[in-house]
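Down below is the structure, laid out as structure tokens.
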Amino acid sequence: MGTGILRGPVLPGRVVDGGRRPEVFRPDIQALRAVAVGLVVLNHLWPARLTGGYVGVDVFFVISGFLINSHLLREHAGTGRIRLAKFYARRVRRLLPAAFLVLAVVVSAACFLMPFPRWESTAHEAIASALYWENWLLAANSVDYSALTQSASLTQHYWSLSVEEQFYLFWPLLLLLLFKIRVRRARLIGIAVVGLASLGFSVWFTEAAKSQAYFVTPGRVWEFAIGALLAFAGAKAVLPKIAANLASLAGLAAIVGAALLFDDQTAFPGATALLPAVGTGLVILAGAGQSRQWHTPLSSSPPVQWLGNVSYSLYLWHWPLIVLAPFAFPRASDAGMLTWPLKVGVVAAALAAAYLSKRFVEDPTRNLPLLSRTTGRTFAAMAAGMIVVCGAAGGLTWTYQRHADEAARDVAAESASPCHAASALAPGNACADRFGPARTVAMGPANRYYAPPEDCPPPLAQYATSDGTKTTTRCDFSGGAPAPTVVWLVGDSHAQQWQAPVLSIARKNHWLLYTSYLGGCPFAEVKATGYDKPLPGGDRRCTAWTKSMTGAIAQTRPAYVFTSFFGRHEPADDHSGRSQTEQYRDGLNSYWSQWTAAGAKVLVLADPPLNGLVRSPDCVVLNPNDPQPCAVPRSVAQPEDPLAAAARASADPNVLLIDLTDYFCDREQCYAVVGKVSVYYDSTHLNQEYSLSLEPMITAAAGIPG
């Protein structure tokens, strides 16, 4: 959050002797920072109640733009220049000590409290955060479909700090160019042009790729530019008292309204972010005259000012404490979910950590003589801090790999047991404690459902999507047979989670197997609108790909087509008002009929019971000795699935539904551990070890020679 929430808002006043400006304290901005950090913390703890609290970050960006430009203007007015080295050194001393401290604690806490599969991603993101590149890493991961369902990381909140640091790198250079222009209005126009360009990019990119748009720096510069324009306006922007009161009231209403009305489906940032950003600008503008306002008794009160003063440290500490709390206090959590007492404890711990960090780290190092005497020492200390954090993260990665190798050996050793995984629920198999503790609760590389098969060549370019995404792999196990049996496994990642058993069956039967996946894409002739939530204009890439692939599959004249997808959370809308089941029934039969006409048997793999939507994805990890709290009623865990419903209703004798629900559930409940194996890899996908254990059941249900 940088300058926007780090130090007290001490700003230049009007120009006096020598061209210098006396510093003026702005308690209204301090209070605005308290509001912003409060919105973020409440949103992270109670996301269903304060659905748009994430706009607090946008408030910080505008504040940062205002404060940093105010200080740069003061320096230029007093000295006639901007000393970049000293500017960057001040940023380093103010921001990095506390940030590095939290990263060091995070790496250590991950090692002692979290399961080893979380170590690798934690280490990678700690390095990215230390180098202030976290926002770009998260943007890249948001494109990687397999990364979308991973659990929250300990340092993902550093993305906003990365955006600010990147802004601080280039913005002073822009100001130096603008200061060469002697006309004040031209400077304002220059900032406005940069801001409008950024806003235009943000609007376009939010519609094109919302997940990535949230993190990338070019789409956020316009928010800093709003603050910069206010700083450049200076004393000319002072409002009359009545107008100032109305402006601050409207501004706070805009911020709070956005926090209450926005949610995860809001097209954000884009044009929607104008509401909290402009609202923040109005509050800053209203306080330019330093007159008493309607909110002054509350905003200037000691608790509010104290919260604003520690807001930077509070932002740094609160998120890792939220993520770590269930691991540190598993008995106090509700199957991995934070309870009210635990949430209150997190708030108290975060406030205490914020105070201690501010008191003993931020304030002392900001003016530490050892560092402040020369900029070289400051930058040397920065490099040393980065090396320490990256070194610790590298050590965590090395330790992770040792545990991953050991876990892979354990998986291989246990797979032959007659009561292993799904076999424990086979009819007539009297296995003791079928739903008891898992042998290992940590999901490492050996459990990745999306692991590419080592004995298959890289994906083909032939079946790529319109944007060039390669979707299809050709695995030839026929041994060079002139007319091999052709088989396809197609769908989204919920088809991919079945690839381990299908690959095993293909190897044993010497098939020519094609695997073809497009994440978040229902393989049906429907108007797909986007994974989990509607997208503006629908998902045309998905719709075009499935249509072209259907014909391509039919042309290979396959013997079998395995298909599956997450139809329960991949909505379709043809604007007919029909139910999802009806739309999918017609759309699936349209594709399936083309395959059966080509001589194929269509094997529909019913989706497994839900996981992350009905229990905490970390439930098994947090209950390693007794996974029974993770059991969920069958009616809740396995609601109606349009894919399975369409297969049941099909009149085509060559369409067969393979429903393996009885290997996840008994008559009453569905389980997260079966046969000493964790069923799920992440919030929505199967553990590869468990999926592979279902191979005999798939073979038998499909009537395939075993």
Side-chain angles (χ1 to χ4, degrees), residues 145-146 148-149 421-422 425 449-450 488-502 515-524 526 528-533 542 546 561-572 579-585 587-589 591-592 602-615 617 630 632-650 655-666 669-672 674 678-688 690-695 697-698 701-702:
Y145 188 81
S146 63
L148 292 178
T149 51
L425 296 183
Y449 69 91
Y450 55 88
W488 285 78
L489 171 62
V490 298
D492 62 3
S493 62
H494 280 230
Q496 191 174 20
Q497 69 184 347
W498 296 107
Q499 76 172 4
V502 173
T515 63
S516 194
Y517 320 117
L518 183 59
C521 180
F523 210 107
V526 295
T529 61
Y531 169 65
D532 199 38
K533 59 178 71 77
C542 168
T546 57
V561 178
F562 291 88
T563 186
S564 190
F565 56 84
F566 197 21
R568 285 179 289 211
H569 284 270
E570 290 169 353
S579 68
Q580 293 290 291
T581 298
E582 291 175 309
Q583 293 182 55
Y584 270 112
R585 180 195 61 208
L588 287 164
N589 285 329
Y591 283 175
W592 293 346
V602 177
L603 304 173
V604 181
L605 293 160
D607 212 38
L610 300 173
N611 183 35
L613 294 171
V614 296
R615 65 170 71 86
C630 304
V632 176
R634 183 166 177 157
S635 59
V636 174
Q638 192 67 311
E640 181 67 15
D641 179 5
L643 173 64
R648 290 191 188 97
S650 176
V655 173
L656 176 66
L657 174 65
I658 301 178
D659 187 349
L660 303 176
T661 303
D662 288 342
Y663 292 94
F664 298 87
C665 319
D666 58 24
Q669 292 185 305
C670 296
Y671 298 89
V674 176
S678 295
V679 173
Y680 299 96
Y681 174 78
D682 57 24
S683 62
T684 66
H685 301 98
L686 294 177
N687 170 7
Q688 178 177 272
Y690 197 83
S691 175
L692 187 58
S693 75
L694 290 161
E695 178 191 339
M697 297 74 169
I698 295 173

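Starting from 1, each residue takes its place in the sequence as its number. Computation of the quantities below employed the complete heavy-atom set of this structure, encompassing side-chain atoms and omitting hydrogens, waters and symmetry-equivalent molecules. Because the structure is predicted, anything quoted here is derived from the model rather than measured.
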Using a 4.5 Å cut-off on heavy atoms from C-beta on, say whether the side chain of [Y] contacts that of [X].
| X | Y | value |
| --- | --- | --- |
| Ser691 | Tyr449 | no |
| Leu610 | Phe566 | yes |
| Trp498 | Leu660 | yes |
| Pro571 | Thr529 | yes |

Heavy-atom pair with the smallest gap, counting every atom of [X] and [Y]:
| X | Y | result |
| --- | --- | --- |
| Thr546 | Pro522 | CG2-O, 3.6 Å |
| Asp492 | Tyr517 | O-CD2, 3.8 Å |
| Cys542 | Leu518 | CA-CD2, 4.1 Å |
| Pro608 | Phe664 | CB-CZ, 3.9 Å |
| Asn687 | Ser678 | ND2-O, 2.9 Å |

Just to verify, what does [X] make a side-chain hydrogen bond (donor to acceptor under 3.5 Å, both in side chains) with, not counting sequence neighbours?
| X | answer |
| --- | --- |
| Gln669 | none |
| Gln688 | none |
| Ser516 | Thr472 |
| Glu582 | Ser579 |

[X]: what forms a side chain to side chain contact (heavy atoms under 4.5 Å, CB included) with it, not counting sequence neighbours?
| X | result |
| --- | --- |
| Arg634 | Thr661, Asp662, Cys665, Cys670 |
| Leu656 | Leu603 |
| Ser693 | His420, Ala421, Ala422, Tyr690 |
| Pro642 | Arg568, Thr581, Tyr584 |

Margin query: If you apply the rule side-chain contact (heavy atoms from CB on, under 4.5 Å), what do you find for Phe562 with Leu605, and how did you get there?
Written below: CA-CA 7 Å; Phe562 291 88; Leu605 293 160; 4.1 Å; yes

Checklist line | Criterion side chain to side chain contact (heavy atoms under 4.5 Å, CB included) against Thr563, the qualifying member of Val602, Leu489, Leu588 | finding: Val602

Note to self: For Trp488, give me all partners under ring-ring contact (aromatic ring centres under 6.0 Å, His included), at least two apart in sequence or on another chain.
What the structure shows: Tyr463, Tyr514

Next item on the list: Report the residues that fulfil ring-ring contact (aromatic ring centres under 6.0 Å, His included) with Tyr671, sequence neighbours left out, ordered by chain and then residue number.
Entry: Phe435

Backbone of [Y] reached by a side-chain donor or acceptor of [X] within 3.5 Å:
| X | Y | result |
| --- | --- | --- |
| Ser683 | Gly612 | no |
| His494 | Thr684 | yes |
| Gln638 | Asp607 | yes |
| Asp641 | Ala606 | no |

Checklist line | Arg615 and Asn611: side chain donor to acceptor below 3.5 Å | finding: yes

Note to self: Any donor-acceptor pair under 3.5 Å linking the side-chain atoms of Gln497 with those of Tyr681?
What the structure shows: no

Item checked: Distance (rounded to the nearest 0.5 Å) between Gln496 CD and Ser564 OG -> 12.0 Å

Note to self: Measuring from atom CG of Leu643 to atom CZ of Phe565, what distance do you get when rounded to the nearest 0.5 angstrom?
What the structure shows: 4.5 Å

